[in-house]
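First comes the structure, then the notes that go with it.
Side chains are part of it too, since the values below use all heavy atoms of this structure and drop only hydrogens, waters and symmetry mates. Chain letters run A, B, ... following the sequence lines, proteins first, then strands; residues in each count from 1.
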Protein chains: 2
Amino acid sequence: MSKAANTRLTILQKAFELIYTKGYQTTSIDEIIATTKVTKGAFYYHFKTKDEMGVAIIEEILKPTMLENFIKPTEKSQNPIDDFYNMISYLLMEDPFLQVKYGCPVGNLTQEMSPWNNKFSEALTELVNQWKTTIIKAIEKGQNGGFVRKDVVPEQVAFFILSGYWGIRNFGKLQNDKSVYVVYLQEFKKYLNTLK
Amino acid sequence: MSKAANTRLTILQKAFELIYTKGYQTTSIDEIIATTKVTKGAFYYHFKTKDEMGVAIIEEILKPTMLENFIKPTEKSQNPIDDFYNMISYLLMEDPFLQVKYGCPVGNLTQEMSPWNNKFSEALTELVNQWKTTIIKAIEKGQNGGFVRKDVVPEQVAFFILSGYWGIRNFGKLQNDKSVYVVYLQEFKKYLNTLK
DNA sequence: TGTTCTTCATACTAATTAGTATTTTTTATG
DNA sequence: CATAAAAAATACTAATTAGTATGAAGAACA
């Protein structure tokens, strides 16, 4: 990777971490260049505005991560019910990067940015739709394979799962304690079993 | 109501509306006093800091609203399953104040403030716990009345319902379209029926 | 090696921010 | 009505904000 490309990536990664923990609005460019040890000139060479950098984080950090960790595994899934539980459980309880206190990066950005920034909304919508579509396809496949009841409506379930996930992530932020995840997961498992 | 008390209430109400639509951090005191037509002197007479005002909004606007519209009705409920559906459905589809685009005021504040402001966290936790407790009690009552299966764990269900609500509110912000609520509600009804 | 384009560094600006100091007006009460 | 306290108005400050102007290194290539 060229030195310039490396500078750009460093900015995106460090800025993403700051934004994940502090929020987008409250993360200043001065703070980003201080923690990355990149000068303002370098920053504005790579990104015309702060918002352009924000969208780049979604495109170049969040989307690829999403693809690797959730989309691809779900596409391989034969038994979606069990795999959904494992995926959500892993995300909530095991993932080494995500922290209870700071919630879900995608959920956070959606909450903060989507009502008044179109570029963010579009990028986030794409990302979320990709996840949703993958879940829907997995359920349909599960129905064909006899793992999921035929009267289940895949789109409804996809919305329900993703909503629950975002919601419990927000709950976690409030309580700052993984125990809420445990309680949630128990009911989540029960719900998933009704789809079998 | 005294003129001073009226000034205070006006500030809280208008500030709440601004914060609901724009977020807390991005709502400036200058903007609040501009829309309320109250001077800075008056603002700082009533509130020592911006954060003090923020907490006052939770205590004096959100909590009473919550109590009137959700807690009290739920406490009266005989058949919680049906009433939960109606309550959430009303909130999502009918409530005249809440807008898809702006999500849930409590969820928004939690998302934005809880990781780094303790005063906000505490006030919000109290509020949410009150709602949660009310739901739990309603389920227990429903179990005694034969409306809810005995093997249902009330706390799990309460978390599951509230999470789903917060999550779909966030989804709504992203899509800015009530149709996501409709899809959600269909699955929500199915889920609730499994508790009968 | 000299030149050109890419990448980065430095110093600045104008606007906005929360909050303060001080004075003036309004209200309540004797 | 006089007076004191409550409530509000005005003008300010210091810090922070995103973004800019300009020039200096660095790399690529003739």
Legend entry - Worked check of side chain to side chain contact (heavy atoms under 4.5 Å, CB included) between A:D83 and A:F147: CA-CA 11 Å; A:D83 288 343; A:F147 293 103; over 6 Å; no
Inset, instruction - Classify the angle between the aromatic ring planes of A:F16 and A:F97 as parallel (below 30°), tilted (30 to 60°) or perpendicular (above 60°). - result: parallel
Legend entry - Whole-Å distance separating the CZ atom of A:F43 from the P atom of C:dT10: 17 Å
Legend entry - Donor-acceptor contact present, side-chain B:S77 to main-chain B:P73, <3.5 Å: no
Inset, instruction - Applying salt bridge (charged side-chain N to carboxylate O under 4.0 Å, His left out), name anything that partners B:E60, two or more places apart in sequence or on another chain. - result: B:R8
Inset, instruction - Could you run through nucleotides 7-28 of chain D and give me one letter per nucleotide, 5' to 3': B if any protein heavy atom sits under 4.0 Å from the base, S if only the sugar-phosphate is that close, - if neither? - result: BSBB------BBBB--------
Legend entry - Aromatic ring proximity A:F171/A:Y184, centre distance under 6.0 Å: no
